[in-house]
2 protein chains.
Amino acid sequence: MEDKHPLPGNAPLYKQIKKLIIGRIVDGTWSPGKRLPSETRLGQELGASQGTVRKALDDLVSENLLIRHQGRGTFVTTHTAQRELFHFFHLVDNDGIKQLPVYSQLIDCSRRRATRDEAGRLKLSARAFVIAITRVRHLNNNPVICETIILPATRFAGLEQNDDIPNELYGYYESTYGITIHKATERLRAVTASNVEVAAIGLPVGSPLLEIDRVAETLEGEPVEWRVSRCDTQAHSYLSEII
Amino acid sequence: MEDKHPLPGNAPLYKQIKKLIIGRIVDGTWSPGKRLPSETRLGQELGASQGTVRKALDDLVSENLLIRHQGRGTFVTTHTAQRELFHFFHLVDNDGIKQLPVYSQLIDCSRRRATRDEAGRLKLSARAFVIAITRVRHLNNNPVICETIILPATRFAGLEQNDDIPNELYGYYESTYGITIHKATERLRAVTASNVEVAAIGLPVGSPLLEIDRVAETLEGEPVEWRVSRCDTQAHSYLSEII
DNA sequence: GAGTGGTCTAGACCACAGA
DNA sequence: CTGTGGTCTAGACCACTCT
């Protein structure tokens with residue numbers, strides 16, 4: 001078990017095991033949805049007791065990297081609609097009920113050079129290419145969200161030629177491009193709707209919108225998606241639980 | 001160890017221990033900031049092994065109820081400014097730097113009967129009394145947040161007579177009223193500034209504001225504060241980390 | 001040095017899923 | 001029935017804090 005800077009050889013065994021497991025997920029040895037070896041087997045292979053392996057797995061479960069099923073095994077997390085809904089989507093209606101958009105109206109999807117802002121957010125070189133998606137998302141049959149998504153073209157080669165982009169993107173990134181979104185940072189502000197948004201969502205001029213500015217990262221902490229969603233919050237609100 | 005409905009006698013031992021510890025925190029046996037007995041001592045008292053007690057404590061630490069200090073002991077969490085800042089305050093400036101308001105301008109603080117909405121949010125009877133606080137909070141020497149706070153008068157007796165209400169309320173609730181805020185649910189929307197807010201914060205008429213509607217609860221899940229903060233998000237934004 | 005939490009082991013039994 | 005994770009024990013040693 002050879003480690004560089006991040007984990008010195010004298011780090012606790014369970015942390016070394018965590019790092020090793022993360023490495024195997026990142027390099028694809030254990031891909032999303034796959035079952036890991038049992039706790040006892042892992043312990044034998046790594047020269048650790050079952051209890052120590054268990055401690056490492058416990059941590060990774062609480063970091064949403066793994067999921068356990070009693071009697072079946074321990075699996076690498078996948079982006080199911082469930083996960084998308086409960087983890088990455090925060091708009092609820094006025095009764096507090098969460099509902100994923102079932103319909104998205106694609107406005108544009110094209111490949112072009114990154115703007116300065118886009119390159120900065122995605123840590124790309126100045127003249128790199130990106131794919132830009134613009135769409136209007138519907139909730140309860142009403143247009144509510146006007147969304148622009150920026151992706152690095154090198155990682156998502158050919159995506160702009162797909163004319164059937166699914167509503168639920170993170171599962172699509174995972175299955176088609178092998179890119180797992182693990183973490184996202186959102187910045188929220190109140191803005192005034194632009195003319196485009198007024199038309200797309202059907203609002204009075206000057207209406208306030210909730211802007212959600214999200215950068216999503218892979219397991220390795222690399223930013224791979226920048227998404228700006230502008231939401232009509234008359235019938236919905238953004239739910240944030242502080243526990 | 002007698003349990004009613006919530007935890008049948010055949011529940012795992014560590015869950016029974018968790019419940020017992022929570023009970024002792026709620027009833028004040030172990031108040032915020034106090035040290036718990038050591039793991040081995042707790043194990044002896046409860047007839048469990050140190051490992052099982054540890055598992056219960058681990059859970060409670062991850063739920064922010066306890067905090068460990070190696071070599072010193074395990075303590076009940078308190079509302080320090082740190083906790084307030086990192087856990088319950090989410091506005092950051094445009095460089096992503098978080099800064100607690102250092103100055104609040106008190107506009108009003110009075111006792112009156114609850115409106116229908118207020119009674120509903122705080123689960124009070126129809127004609128109960130509340131204390132209403134209105135204040136403007138400053139960030140970087142600028143007025144940014146216009147805030148209204150509603151508290152049940154029975155739990156916060158006499159608070160309206162205090163003319164030196166601190167900026168950092170949750171520590172004050174804890175030390176003065178023995179009320180520990182443990183969880184909060186926030187709903188965010190974009191709204192248009194009212195005339196009052198335009199004047200208080202100094203904005204053009206019709207400016208968009210970010211409205212944060214928060215209900216805060218005790219450990220027992222009882223709502224004890226309803227707070228509506230309307231924020232100018234030109235120089236700040238609400239940070240939400242999704243991990 | 002005494003007492004605390006932090007790590008690790010080895011082994012036991014239970015609860016659950018699936019062939 | 002077998003293999004998996006879930007719970008629990010008893011004991012060991014390390015790392016840290018305080019006196």
Let me know, please, whether B:Gln50 or A:Gln50 comes out on the 5' side of the other along DNA chain C by nearest nucleotide. B:Gln50

Heavy-atom nearest nucleotide on DNA chain C for A:Ala48 versus B:Gln70: which residue maps closer to 5'? B:Gln70

Given [options], the nucleotide with the shortest approach to the side chain of [X]:
X       : options               : answer
B:Ser49 : C:dT7, D:dA10, C:dG6  : D:dA10
A:Glu39 : D:dG11, D:dT17, D:dG6 : D:dG6
A:Leu13 : C:dA17, C:dG5, C:dC8  : C:dC8

Please state how far atom [atom1] in [X] lies from atom [atom2] in [N], giving the value in whole angstrom units.
X       : N     : atom1 : atom2 : answer
A:Lys55 : C:dG6 : NZ    : C1'   : 8 Å
A:Arg41 : D:dT2 : CZ    : C1'   : 13 Å
A:Gln44 : D:dT4 : CD    : C1'   : 14 Å

Looking at [N], I'd like to know if its phosphate oxygens (OP1 or OP2) sit under 4.0 Å from a side-chain N or O belonging to [X].
X       : N      : answer
A:Thr40 : D:dG3  : no
A:Thr52 : C:dT9  : yes
A:Arg68 : D:dG6  : yes
B:Arg72 : D:dC18 : yes
A:Ser38 : D:dG3  : no
A:Arg54 : D:dG6  : yes

B:Arg83 versus B:Ile181, closest heavy-atom pair with distance: NH2-O, 4.0 Å

Atom CD1 of A:Ile242 and atom CG of B:Asn64: how far apart are they, to the nearest 0.5 Å? 11.5 Å

